[in-house]
Amino acid sequence: MNFSYYWYDTAHWLLSPARAASDITKLFFDNPGNPLTNTPYGRTVSAACELFERTTRRYTKPEFGFTTTTLGNQEVAVTEEIVWERPFCRVISFKRDHALAASQPKLLIVAPMSGHYATLLRGTVEAFLPTHQVMITDWADASMVPLSEGRFDLDDYIDYLKAMFREFGPDLHVMAVCQPAVPVVAAVSRLEAENDPGIPRSMILMGGPIDTRRSPTAVNRLAEERGIEWFKQHCIAKVPPTHPGFWRDVYPGFLQLSGFMAMNIDRHLTAHWEMFNHLVEGDGDSAEKHRDFYDEYLAVMDLTAEFYLQTVETVFVKHQLPKGEMMHRGQPVDLKAIRRCAIMAIEGEKDDISGVGQTLATLDLTPNLPSDKKLYHLQTGVGHYGVFNGSRFRAQIAPRIVEFVENHSREPA
């Protein structure tokens, strides 16, 4: 049995007194009444205490935090509402207080269940609030789901998506960011094969690993080289008794985060050193940007072991979807069945997680979908995260998505 989760929890608990002492020390050196507060020495001690606390804490699930958006040249209020819920996921709808809102297209953003929370897509959501009725999947941290709620694997994930599409359709557009591209395509394929009325009008696939044999990245090669048994042995652990999901087999968030950071360790070390210097120099704005980024980046959740392992094997090791070998509940996932749901594939020129061509493969694997229902966009100058966030996303990608959705919002022929 892998006891890494137990050691991680124990280490966090043992560091609690040191974090408390660090917080007290920081408060002392931040106190305006302390003559050392504004000295180089005082700022250095305060900065060191903050970095220690931030690098040893557990980051909680962030909030979206939207309060207003612009709609019809007016600033309107935004409120969150849970419109669909099951043990391992809920759907958040961003309601806007304006008469025009109900006439706009419905857009369901399927957030990746790959370690980070749905709030990683805050910028994606924000870009479409003025133009769409936006909803987003909010996947649960597996360590917070009691074992009595049962398993959750890739087949269950696809079942969840099919249920959502039926609930919010048929005038629904679906956006899959990275990991969910495969289950979204699979869910749509099965609905098409079943002639289900819940088929979405369109799906937008962004940096998704549809066929990882194309332009394989380091992530793709690792899965193929190690094989599924290696992942079972090294990546799966039992949830400790301090969590509601006690004894559930999971791929822990802290292991995922270690992998994320190891890919760019120099960049992260430099960023923390720069934050330390910003704090010592009194550059509060730059330090706050660092805090905002890492509050989001370091907040991670656990995945159920069965979902993680089935995804690795299906998508990255056996390439079952592009080979036509993927099954769902004993039924084939045949992309030739897709005839009505329009597809937009978006890729980043410098994506080092989903290589160029991996998402484009969807358009090649759907020969029975008319060409006027297919669109491909390769965004120059961006990596993986630039596909769904940042200045180029807002200026060049989002407007093309808005146009694509508008073109396919009419009743199908």
Side-chain angles (χ1 to χ4, degrees), residues 104-112 121 123-125 127-128 131-137 161 164-165 168-189 191-192 199-211 214-215 321-322 335-349 351 353-380 382 384-390 392-413:
Q104 293 181 320
K106 297 177 187 175
L107 180 65
L108 173 64
I109 300 175
V110 183
L121 304 187
T124 317
V125 172
F128 297 106
T131 54
H132 295 77
Q133 301 178 58
V134 182
M135 297 171 281
I136 191 168
T137 58
L161 293 178
M164 292 175 199
F165 298 167
F168 304 119
D171 54 338
L172 176 69
H173 303 268
V174 180
M175 176 185 293
V177 180
C178 191
Q179 169 269 319
V182 170
V184 163
V185 168
V188 170
S189 173
L191 290 175
E192 289 263 30
I199 299 166
R201 297 278 171 81
S202 75
M203 54 178 159
I204 301 99
L205 310 177
M206 309 178 74
I210 299 297
D211 188 350
R214 298 190 179 192
S215 305
L321 182 62
L335 300 197
K336 297 185 185 68
I338 298 179
R339 300 171 182 271
R340 285 166 286 182
C341 180
I343 303 173
M344 180 178 186
I346 303 171
E347 298 182 325
E349 177 190 23
D351 195 331
I353 295 178
S354 295
V356 173
Q358 294 186 11
T359 313
L360 172 62
T362 317
L363 304 185
D364 300 329
L365 294 166
T366 49
N368 294 321
L369 184 68
S371 58
D372 62 355
K373 288 181 175 288
K374 297 180 180 181
L375 182 64
Y376 175 63
H377 178 75
L378 176 64
Q379 182 59 53
T380 58
V382 304
H384 187 69
Y385 293 99
V387 169
F388 58 86
N389 211 343
R392 284 192 176 93
F393 165 74
R394 291 189 297 272
Q396 299 180 50
I397 297 176
R400 295 208 67 183
I401 294 174
V402 171
E403 182 182 6
F404 176 78
V405 168
E406 179 62 30
N407 289 341
H408 296 284
S409 289
R410 296 178 291 276
E411 290 287 341

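Every value quoted in this text rests on a predicted model; they were computed, and no experiment measured them.
Residues Arg214 and Asp364 form a side-chain contact, since some pair of their non-hydrogen atoms from C-beta on lies under 4.5 Å apart. Side-chain contact between Pro105 and Val402 is absent, with no heavy-atom pair separated by less than 4.5 Å. In this structure, Asp351 and Gln358 have side chains that are not in contact, with every pair of non-hydrogen atoms separated by 4.5 Å or more. Side-chain contact between Arg201 and Asp171: present, with at least one pair of heavy atoms (C-beta onward) separated by less than 4.5 Å. Side-chain atoms of Met203 and Leu205, non-hydrogen and from C-beta on, do get closer than 4.5 Å to each other. Taking 4.5 Å as the limit, some side-chain heavy atom of Thr124 sits within range of a side-chain heavy atom of Met175. Between Leu172 and Met135, some side-chain heavy-atom pair lies under the 4.5 Å cut-off. At least one side-chain heavy atom of Val182 sits under 4.5 Å from a side-chain heavy atom of Ile210.
Remark: Glu406 CD is loosely packed, at most 12 non-hydrogen atoms of other residues, nucleotides or ligands lying under 6.0 Å away. At most 12 heavy atoms of other shown residues, nucleotides or ligands fall within 6.0 angstrom of atom NZ in Lys336.
Distance check, rounded to the nearest 0.5 Å: CZ of Arg400 to CD1 of Ile204 gives 12.5 Å. The CD1 atom of Ile338 sits 11.0 Å away from atom CZ of Arg340, with the distance rounded to the nearest 0.5 Å. Taking NZ of Lys374 as the start and OG1 of Thr366 as the end, the distance is 3.5 Å to the nearest 0.5 Å. Going from atom CG of Leu365 over to atom CG of Leu360 covers 9.5 Å, rounded to the nearest 0.5 Å. Here the CG-OH distance, from Leu363 to Tyr376, works out to 9.0 Å after rounding to the nearest 0.5 Å. Thr359 OG1 to Ile346 CD1: the interatomic distance, rounded to the nearest 0.5 Å, is 9.0 Å.
Nearest heavy-atom pair across Pro200 and Leu191 is CD-CD1, 4.5 Å. The minimum heavy-atom distance between Pro180 and Val110, with the atom names listed, is CG-O, 3.2 Å. Between Val382 and Arg392 the shortest heavy-atom distance is CG1-CD, 3.4 Å. The shortest non-hydrogen separation linking Ile397 to Gly386 is CD1-O, 3.9 Å. Heavy-atom minimum distance, Ile109 versus Val177: CG2-CG2, 4.4 Å. Here the closest non-hydrogen pair linking Gly208 and Ser354 is C-OG, 4.0 Å.
Below 30°, between 30° and 60°, or above 60°: for His408 and Phe404 the angle between ring planes is between 30° and 60°, a tilted geometry.
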Inset, instruction - Apply side-chain contact (heavy atoms from CB on, under 4.5 Å) to the pair Val184 and Leu161, showing each step before the final yes or no. - result: CA-CA 7 Å; Val184 163; Leu161 293 178; 3.8 Å; yes
Inset, instruction - Show your reasoning for whether side-chain contact (heavy atoms from CB on, under 4.5 Å) applies to Leu321 and Leu335. - result: CA-CA 8 Å; Leu321 182 62; Leu335 300 197; 3.9 Å; yes
Legend entry - Residue pair Phe393, Met206: steps toward the side-chain contact (heavy atoms from CB on, under 4.5 Å) verdict: CA-CA 11 Å; Phe393 165 74; Met206 309 178 74; 3.9 Å; yes
Legend entry - Test log, rule side-chain contact (heavy atoms from CB on, under 4.5 Å), inputs Ile343 and Val188: CA-CA 11 Å; Ile343 303 173; Val188 170; over 6 Å; no
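Formation of a donor-acceptor pair under 3.5 Å by the Ser189 side chain with backbone atoms of Val185 is not found in this model. Checking side-chain atoms of Glu192 against main-chain N and O of Cys341 turns up a donor-acceptor pair under 3.5 Å. Here the side chain of Glu347 pairs no donor or acceptor atom with the backbone of Val356 at under 3.5 angstrom. A donor-acceptor pair under 3.5 Å is absent between the side-chain atoms of Asn368 and the main chain of Arg339, judged by distance alone.
The ring of Tyr385 has its center closer than 6.0 angstrom to the ring center of Phe388.
Applying the side-chain contact (heavy atoms from CB on, under 4.5 Å) test between Val405 and each of His173, Gln104, Lys106, Met344 identifies His173 as the sole match.
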